[in-house]
Amino acid sequence: MCYHKSLKVKLEKLAEYYQAEYDKTMSELYGDNPISYHENGFDFKATPIVTAGVPNALQNFNWGLVPFWVKDAAGGTKLRVSTLNCISEEMYDKPSFRDSAKEGKRCLIPSTGFYEWRWMDEKGKTKIPYHIHFKDQELFSIAGLYAKNKNMGTSGDYHSYAVLTTRANTLMTKIHNSKKRMPVIIPKQYEKDWLNPALSKDDVLALCNVVHEIDLDAHTISKRITDKKESSDVPEVLLPHVYEEVRD
DNA sequence: CCAGACGTTGTT
DNA sequence: GTCTGG
DNA sequence: CCAGACGTTGTT
DNA sequence: GTCTGG
């Protein structure tokens, strides 16, 4: 699973990585600051993504996929709580995701890392947060599906996406030791393929498994990440924090 | 037929 | 929009 | 997923 | 302990 991520990079650098344009609204929104240090999926916020539909632009889409058939805002807010993630193995079958999957509405979700908790005991009493990132590259793409809905009560259409998940690779099995899932990550050399709307189902599903060849790294961080009294969207949240009980 | 779901992960 | 359970 | 609540009356 | 809201 993946409900927390970071995008510690400026808009301009994002555009460069994806060879994509962005409009004035977006530059006003983010200015010259990194886009986020910690984003909680349950805030359902919009951040820049790249879609198969418009592969040469950064577009601000909301996390938590609201399918086109949702009839009103109440239905959307209820459903998106459980569509932050999509089990990639089932995306062609689930009512909430299958239309996006079949229509090739795949997207790249720019990320500089994601957060996961590791359980330190059998009883589920102690958990320690980690930030997971690439070993040798700051920015990378998480794979997603997206959709458009007209009934969310927003001024324009409501654009949203879900993070695809897959079986955890070796590193993630260690950290995400109870659920053993992780976001689908698309290496740079496959990004164009992923955004090709004509890609076959078999190829799509195969790309959801390349995570097993990816070299990720992780470090423990402070529990400030879940502190409600202080903002967690600050640079300090990413700093390594040593726990006695973690020996690896 | 109508009403209601449509989802993720999980044992704190 | 489409499927399932009642 | 986590954090926070943990209730009453009313009545389509 | 379990449910709900975010």
Side-chain angles (χ1 to χ4, degrees), chain A residues 1-6 36 38-47 62-103 105 109 111 113-132 142-153 157-158 160-169 172-184 208 211 218 220-233 237 243 245-246:
Chain A
M1 63 79 162
C2 173
Y3 295 148
H4 301 261
K5 57 189 171 74
S6 61
S36 85
H38 171 225
E39 177 193 1
N40 181 346
F42 290 91
D43 291 333
F44 309 104
K45 277 190 299 200
T47 55
N62 291 87
W63 196 358
L65 189 145
V66 177
F68 75 98
W69 45 258
V70 163
K71 295 178 195 69
D72 51 37
T77 50
K78 191 178 177 203
L79 187 57
R80 68 182 181 181
V81 172
S82 43
T83 55
L84 290 163
N85 290 177
C86 168
I87 296 175
S88 62
E89 297 92 323
E90 300 172 352
M91 70 173 125
Y92 287 92
D93 308 315
K94 297 278 183 179
S96 293
F97 303 116
R98 61 188 174 198
D99 301 283
S100 294
K102 288 172 190 167
E103 291 165 21
K105 291 185 171 169
I109 303 152
S111 174
F114 54 96
Y115 298 92
E116 201 55 77
W117 282 259
R118 175 179 176 186
W119 289 99
M120 303 309 292
D121 54 25
E122 295 293 314
K123 303 207 166 171
K125 291 233 158 95
T126 314
K127 60 175 190 299
I128 289 171
Y130 282 73
H131 184 254
I132 302 103
I142 292 174
L145 292 174
Y146 65 95
K148 176 171 86 175
N149 182 283
K150 299 175 187 305
N151 309 315
M152 287 293 281
D157 292 333
Y158 187 80
S160 58
Y161 70 88
V163 165
L164 287 162
T165 66
T166 188
R167 200 163 49 83
N169 67 10
M172 287 308 298
T173 299
K174 245 187 239 169
I175 297 171
H176 200 205
N177 54 347
S178 58
K179 303 161 218 166
K180 300 194 168 36
R181 301 288 296 174
M182 66 178 287
V184 172
C208 290
V211 292
T220 53
I221 55 166
S222 153
K223 290 181 178 175
R224 173 168 183 169
I225 187 92
T226 46
D227 189 339
K228 283 268 160 128
K229 297 184 286 289
E230 291 186 289
S231 168
S232 61
D233 193 359
V237 85
Y243 292 87
E245 57 268 50
V246 179

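In the text below, chain A, chain B and the rest are named by the order of the sequence lines, each starting its count at 1. The structure displayed is predicted, hence computed values, not measured ones.
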Evaluation steps, side-chain contact (heavy atoms from CB on, under 4.5 Å), between A:Phe44 and A:Leu84
CA-CA 8 Å; A:Phe44 309 104; A:Leu84 290 163; 4.0 Å; yes

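B:dA5 and D:dT9 have their P atoms separated by 27 Å, with the value rounded to a whole Å. On the P atoms, E:dT4 is 14 Å away from B:dC6, given to the nearest whole Å. Going from the P atom of C:dT2 to that of B:dG7 covers 15 Å, rounded to whole Å.
Using a 4.0 Å heavy-atom criterion, one finds that A:Val70 contacts no nucleic acid atom at all. Within 4.0 Å of A:Phe97, counting heavy atoms only, lie sugar-phosphate atoms of the nucleic acid but no base atom. Backbone-only contact: A:Cys86 has heavy atoms under 4.0 Å from sugar-phosphate atoms and none from a base.
Taking only side-chain atoms of A:Arg98, from C-beta outward, the nucleotide of C:dC3, B:dT8, B:dG7 with the closest atom is C:dC3.
Residue A:Leu65 contributes atom CG, which lies 13 Å from atom C1' of B:dT8 at whole-angstrom precision. Atom CD of A:Glu89 is separated from atom P of B:dT8 by 10 Å (rounded to the nearest Å). Distance, A:Met91 CE to B:dT8 C1': 16 Å, rounded to whole Å. Atom-to-atom, CD1 of A:Ile87 to P of B:dT8 comes out at 4 Å; the value is rounded to the nearest Å. In this entry the distance linking CG of A:Asp72 with C1' of C:dG1 reads 15 Å, nearest Å. Atom CD in A:Glu103 sits about 13 Å away from atom P in C:dG1, given to the nearest Å. Atom CH2 in A:Trp69 sits roughly 9 Å away from atom P in B:dC6 (whole-Å rounding). If you take CZ of A:Arg80 and C1' of B:dT8, they are 16 Å apart, rounded to a whole angstrom.
Checked by atom type and distance alone, the side chain of A:Asp233 never pairs as donor or acceptor with a backbone atom of A:Ser36 at under 3.5 Å. The backbone N or O of A:Phe68 sits nowhere less than 3.5 Å from a side-chain atom of A:Asp99 that would complete a donor-acceptor pair.
For A:Lys78 and A:Thr165, each mapped to the nucleotide of DNA chain B holding its nearest heavy atom, the one lying further toward the 5' end belongs to A:Lys78. Positionally, the nearest nucleotide of DNA chain B for A:Lys71 lies more toward the 5' end than for the other of A:Arg181 and A:Lys71.
Ring geometry for A:His4 against A:Tyr115 counts as perpendicular: the plane angle is over 60°, on a 0 to 90° scale with 30° as the lower cut.
In this model, the phosphate group of B:dG7 is approached by a side-chain N or O of A:Ser96 to a distance below 4.0 Å at OP1 or OP2. Distances shown here put a side-chain N or O of A:Lys94 below 4.0 Å from the OP1 or OP2 atom of B:dT8. Side-chain N/O atoms of A:Trp119 include one lying less than 4.0 angstrom from OP1 or OP2 on B:dT11. Between A:Thr226 and D:dA3 there is a side-chain N or O to OP1 or OP2 distance below 4.0 Å.
The closest side-chain donor-acceptor pair between A:Tyr158 and A:Arg80 falls under 3.5 angstrom.
Note that the SG atom of A:Cys86 and the CG atom of A:Leu65 stand 8.5 Å from one another [nearest 0.5 Å].
Under the Watson-Crick and G-U wobble criteria, each requiring two contacts below 3.5 Å, nucleotide D:dA3 is paired to E:dT4.
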